[in-house]
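Computation of the quantities below employed the complete heavy-atom set of this structure, encompassing side-chain atoms and omitting hydrogens, waters and symmetry-equivalent molecules.
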Amino acid sequence: MISKKRLFRIQAALTVLFSIAVIGGCIGGYWFGFFRLLDNYIYDSYFKIRGPIQTSGKIAIVMMDEQSARELKRQESWPREATALALANLTNAGAEIIGLDMLLIAPSYNREADELLANVIHQCNNIVLANTSTVYGHGERMAAMPIFREGMIGDGFIDLNLDKGDEILRRINYLNVADLKGGGVELFPSFSLELVRAYLYLDFVFDFSKPDYTILGAENDERIILPRPSLIINFPGDHSAYPILSYSDIVNENFDPELVKGKIVIIGSGLPTEKDLFTTPYTRFQDPTEKYGQKFGKQNLADSSMTQKEFGVVCHAHIVETILSQKYISRLPESKVILLIIIIGLIGLLFYLPKIGMFFESVLLCGGVVLLFFTGYELFLQKLLWMDIAPMIGILVAQFVAGIVLQKAFDKRRTDQIKSLFGRYVSPGIVDELIKEDVQLEGVSTELTIFFTDLRGFTTVSEQLGAKDTGFLLNSYFSAMIPVVFKYDGTLDKLMGDAIMAFFGAPVHYDDHPIKAAEAALDMRDSLRRMRDEKEIRGIEHLHAGFGVNTGIVTVGNLGSDEFMDYTIVGDAVNLASRLEGLTKHYAVEIILSQFTANRLDDQFVLRELDLVQVKGKRDIVTLYELMGYRESLSDETIEAVQIFKSALSAYRKRDWGAAVKNMNMVLEIVPGDKVSKIYLERIEHLKRNPPEEDWIGVITYDHK
C-alpha cells in the first residue's frame, strides 16, 4: 500500500507535469490559431457592449438602393447618364471628394453616355474611382477604362478581405505591392486610403522606416500615420453613423446640399442582389430589421438575406472614418499574450489543491473568466487594445479540469464513480469506432490520378451577365460535367468557383486510373463544345476549359478536424496537376498531361509532347503532353501535324534551328492557329541571338502558378 506521504509526492509531481502539459498545450493552441474563432467572437462583442460612437461628420454615403433602381429604370447596370448627373450635382453642392464604389471596366451600350461620364469626371476634378487588386486569386487587376481614368484624381482597390473561419470583416490591407520588371516595386492604395489622401491633399509618399507604423505624406507637409502591417477597422457603428442619401435623389437634385458640402461622399450599391454585403463585428449581433426597417421595410429585409450584413459602401466609409480619426486599434503582441498565459497557468495551480473544494474552485474559475473578459473590454475601450483572452480563459478552464481530474484520480471512490459514469454512457463499440475514424483521418498514401479543370473567360462573361444568369450558367455547366467524372469512376473532390477538382483511383482502387482520367477529360471537353455549339445557355459560347491531369503518390482519406472532415487528397502530385491546368492558358491548349500520366496511356490516345518545364514548387523536370483526342476521331492531317511537330521538337533540342523552323512552319500550314508552334518560333529567334549554354536541354522554368 502506498503511504499518504508517498501519494502526496506522486500527486505533486503529477501536478507539475499536468500544469506543464496544459500550459504548453494552450500556448501551442494559441500559436496555431485554435482560439481564433473564440477570440474573434469576444472581440466583436466589445463593439456590441460599447455601442455607437461619434464620427467626424466628414463622410456622407449615396446609396444606389431599390428606390433608385425603380426611378432610374436600372436594368443590367446603372445608366451612366445618371452617374454623370449624380457626380455633377454632388460637385455643385460642394462635395469635396467623391468616391465611386463601382467598377467602370467595360463600355456601356451607349457610347455617348460613356463620353458624357468621362467629361463630367474630368470637369469635377474630385473623383476617386475603384479598381480591384486581384480576380479569383490569379493576380489580375481590374481598373476603370482609360476614358474614365484620364479625368480622375486617383483610384484604389475595393477588395475587402474577410477573416478566415468566420468570414467577418475586421481589417484591411491598405496597400498592395507589385514588383516592377526593371526593379523596385509599385504601391497600390486601397479605395479608402485614396479617398483620405485626396481629401487631405497628401502626397503619395510613404515612410516605412518606423517598425510599427507607416507615414503617408511628404516630409515637410501634412502627414498621417497608418498602422502596420494592416489596419484594424474601428467601427463607429453601423450605416446610421453617416448621412445616407438615395442615389435617385442625387440624380434628380432632390437633396440638401449641406449634407454633402465639404465632405467625402461615397457612392455605392445598396442592392442586396449585388451581394456587396459584409458582416462586421458591430452588425453580427444586431437584428437588421431594427436598423434598416424604416428605410427598406422589414419584409424586404427578411427576403433579401441582409441579416447581420453591411453594404460594402458603408464598410469603406468605416475605413475612411478610422483613418481620418487616427484612432487605430492595436493588438497585444503574441509574446506578451504567451507570457500572460504562463502567468495565469501558474495561478491555475490553485485548482490542484484539494482543500479548496469544488465550489470555491468553480467560483474562482468563473471570477477569473469574468475578470479577464472585462479587463479585455476596458483595454479595448480605453486604450483601443485588442488582447486575445480566449487562450487565457482556455488555460483557466484547462487547469480547472486537469486539477479536478487529478484530484479525483487519487480518490478511489470517486475514480470508481467516474469509471462507472463512462461505462454507462460510452460503450466500447463507440470507442472502437472513434479509433477507426482517427485512422481514417490520418489518411493513406497511394497512387492516384488528379484532375483539375477551370473555365477560361468566365470572369469576363460573369461581369456581363446578371447574378441570376451567371448562376444558371454555372449550374448548367456543373450539371453536365460532374456526371462525366462519375461516369469514369472518378471522385469529385471539390468545386472552386468555376473550377472542378477530381481524382481517379480511390476510394475503390483500379489500376487504369490514368486512362479513366484521360477519357473523362476528353468527354468533358467534348461536352463543353456541344454546349457552346447549341448556344442554349447565355454566355456559354464564350467559355473554354483548361484541363490539367497528373498521376502520382498522394495522401487520401478523411482529412480535416474533429468537427469537419472531408474525403480529399493532398500532396505534391495535387499541386502539379493544378499547375498543369494553369499552363493550358499559356500554351493555348485544352488538356495538358504530365509524363507520369502520359506514360500510362495506350495507343488509342494521340499525344503531343509540348515542353520540358520546371513549375513553381518543384525542382524536377516535368515533360508536358497535350492530349489531342482519340486516334480514331482525329483527321489524318492532324496526326500528320503531330508527327511533324515531334520532328521539329527533336531538331529544336539538338539546336538545329533551321530544321526546327522549317517543321514548325509546316505545322502552321496544317494548323494555322497553333500557338505552341508560334511559341517555339519565338524561342528560336531569341536563342539565335542569345545562344544557350553547352548543357542546355530546352527546359523552361515557370515561377508563377
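- The neighbour count for Q75 CD, taken as heavy atoms of other residues, nucleotides or ligands under 6.0 Å away, does not exceed 12.
- Atom CE in M628 sits 6.0 Å away from atom OG1 in T638 (nearest 0.5 Å).
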* To do: Show your reasoning for whether side chain to side chain contact (heavy atoms under 4.5 Å, CB included) applies to R170 and Y43.
  => CA-CA 10 Å; R170 296 186 181 89; Y43 169 77; 4.1 Å; yes
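- Between the side chains of D498 and Y477, no donor-acceptor pair is found at a separation under 3.5 Å.
- Scanning all heavy atoms of the two residues, the minimum distance from I105 to A143 falls at CG2-O, 3.2 Å.
- Put simply, the side chain of E310 gets close to the backbone of H239: a donor and an acceptor are under 3.5 Å apart.
- A side-chain N or O of T283 and one of T280 form a donor-acceptor pair less than 3.5 Å apart.
- Counting heavy-atom neighbours within 6.0 Å of Y510 OH, excluding the residue itself, gives a total above 12.
- Looking at D388 and R331, a side-chain N of the basic residue comes within less than 4.0 Å of a carboxylate O on the acidic one, giving a salt bridge.
- Side-chain atoms of T597 and N550 include no donor-acceptor pair closer than 3.5 Å.
- A donor atom on one side chain and an acceptor atom on the other are not found under 3.5 Å apart for T83 and R80.
- Across all their heavy atoms, R600 and E447 have their closest contact at NH1-OE1, 3.0 Å.
- Other residues, nucleotides and ligands contribute more than 12 heavy atoms inside 6.0 Å of the CZ atom of F188.
- Between D493 and T568, the side chains place a donor N or O and an acceptor N or O closer than 3.5 Å (distance only, hydrogens not considered).
- Residues L37 and G165 approach most closely at CD2-C, 3.9 Å, considering heavy atoms.
- V485 and T491 get closest at one heavy-atom pair: CG1-N, 4.0 Å.
- Side-chain N/O atoms of Y587 and D611 include a donor and acceptor closer than 3.5 Å.
- Side-chain contact, T551 with T449: a donor N or O sits under 3.5 Å from an acceptor N or O.
- Residues R171 and S230 come closest through the heavy atom pair CD-OG, 3.8 Å.
- For T453 (side chain) and G546 (main-chain N/O), a donor-acceptor pair under 3.5 Å exists by modelled atom type.
- Formation of a donor-acceptor pair under 3.5 Å by the D512 side chain with backbone atoms of I515 is not found in this model.
- P281 approaches D44 most closely through the heavy-atom pair CB-OD1, 3.0 Å.
- The closest donor-acceptor contact from the side chain of D39 to the backbone of A390 lies under 3.5 Å.
- A distance-only check finds no donor-acceptor pair linking the side chain of D523 to the backbone of E519 [under 3.5 Å].
- Between E682 and K675, none of the side-chain N atoms (NZ, or NE/NH1/NH2) sits under 4.0 Å from a carboxylate O, so this pair counts as no salt bridge.
- Salt bridge status for E590 with R456: absent, with no side-chain N to carboxylate O gap under 4.0 Å.
- Here Y630 and F605 bring their ring centres to under 6.0 angstrom of each other.
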* Between F547 and F451, does a ring-ring contact (aromatic ring centres under 6.0 Å, His included) hold up when you go through it step by step? -> CA-CA 7 Å; F547 300 84; F451 174 107; 5.8 Å; yes
* To do: Dump the intermediate steps for side chain to side chain contact (heavy atoms under 4.5 Å, CB included) on F285 and F47, then the final yes or no.
  => CA-CA 9 Å; F285 297 106; F47 284 95; over 6 Å; no
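- Looking at S594 and Y625, their side chains never bring a donor and an acceptor atom within 3.5 Å of each other.
- Separation of the F157 and Y174 ring centroids does not fall under the 6.0 Å cut-off.
- One distance of note links OG1 of T460 with CE of M142; it measures 7.5 Å at 0.5 Å rounding.
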* To do: Please step through side chain to side chain contact (heavy atoms under 4.5 Å, CB included) for the pair L226 and L193, ending with a clear verdict.
  => CA-CA 10 Å; L226 297 167; L193 178 60; 3.9 Å; yes
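- Within the 3.5 Å criterion, the main-chain N or O of S108 finds a donor-acceptor partner in the side chain of D114.
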* **Steps toward side chain to side chain contact (heavy atoms under 4.5 Å, CB included) verdict (M501, I569)** => CA-CA 10 Å; M501 175 184 172; I569 55 175; 3.6 Å; yes
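- Side chain of D469 to main chain of L465: no donor-acceptor pair is present (N/O by atom type, distance under 3.5 Å, no hydrogens or angles).
- By the 6.0 Å contact criterion, CZ on R538 is enclosed, its count of non-hydrogen atoms from other residues, nucleotides or ligands being greater than 12.
- D65 and S68 are linked by a side-chain donor-acceptor pair at a separation below 3.5 angstrom, with hydrogens and angles left out of the test.
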